[in-house]
Structures are given as structure tokens and as C-alpha cells.
Amino acid sequence: MATFFCVTTAVYDNGRTSMHIIPQQAETKPQNSMRSTNRADYYCDWFDTLEQANSFISDNS
């Protein structure tokens with residue numbers, strides 16, 4: 001099994017955003033996903049390395 005890193009991004013209706021990295025072990029890299037609720041939109045972008053996940057956060061903060 002490999003470890004993949006999900007950058008979770010929450011974009012709230014008031015304009016506030018938050019980003020976090022969540023590691024997960026899996027056989028294959030999960031697909032990126034998005035869901036929308038009444039309060040926010042939530043994104044999960046998957047990366048092969050922690051460095052890529054940190055770079056994504058740096059580029060989008």
C-alpha cells in the first residue's frame with residue numbers, strides 16, 4: 001500500500017477558506033472530489049507526496 005495526501009479545501013459562503021492535509025493509505029490514488037452544501041463547497045485534491053500537497057497549499061493560499 002502507498003500513502004497519498006488529500007488537500008481538503010473548504011470555501012465558505014462568507015468567503016473564508018481553510019485547507020488541511022490528510023494522509024491516507026490506499027492501493028491506488030483516489031480521485032479528486034468536490035461536494036457542495038448550504039454553507040460551503042468542499043474539495044479534496046489528491047497528491048502522491050507530502051511535498052506536492054504542501055506546494056499546492058502554498059500556491060493557492
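Sequence positions, counted from 1, serve as the residue numbers for this chain. Remember, predicted model here, so these are calculated numbers, not experimental data.
In this view, Asn14 and Tyr12, Arg16 satisfy the side-chain contact (heavy atoms from CB on, under 4.5 Å) rule, not counting sequence neighbours. The side-chain contact (heavy atoms from CB on, under 4.5 Å) test applied to Gln52 returns Phe47, Asp48, Thr49, not counting sequence neighbours. In this structure Ile57 satisfies the side-chain contact (heavy atoms from CB on, under 4.5 Å) test together with Val7, Met19, Ile21, Ser61, sequence neighbours excluded.
Cluster partners of Ile22, using a side-chain heavy-atom cutoff of under 4.5 Å among ILVMFWY residues and allowing indirect links: none.
Applying the side chain to side chain donor-acceptor pair (under 3.5 Å) test to every pair with at least one member in residues 27-46, sequence neighbours left out, gives these pairs: Ser36-Asp41. Among pairs with a residue in residues 17-61, those fulfilling disulfide (SG to SG under 2.5 Å) read Cys6-Cys44, at least two apart in sequence or across chains.
Side-chain atoms of Ser58 come within 3.5 Å of backbone atoms of Asn54 as a donor-acceptor pair (strictly under, hydrogens ignored).
Atom CZ in Phe4 sits 10.0 Å away from atom CD in Gln25 (nearest 0.5 Å).
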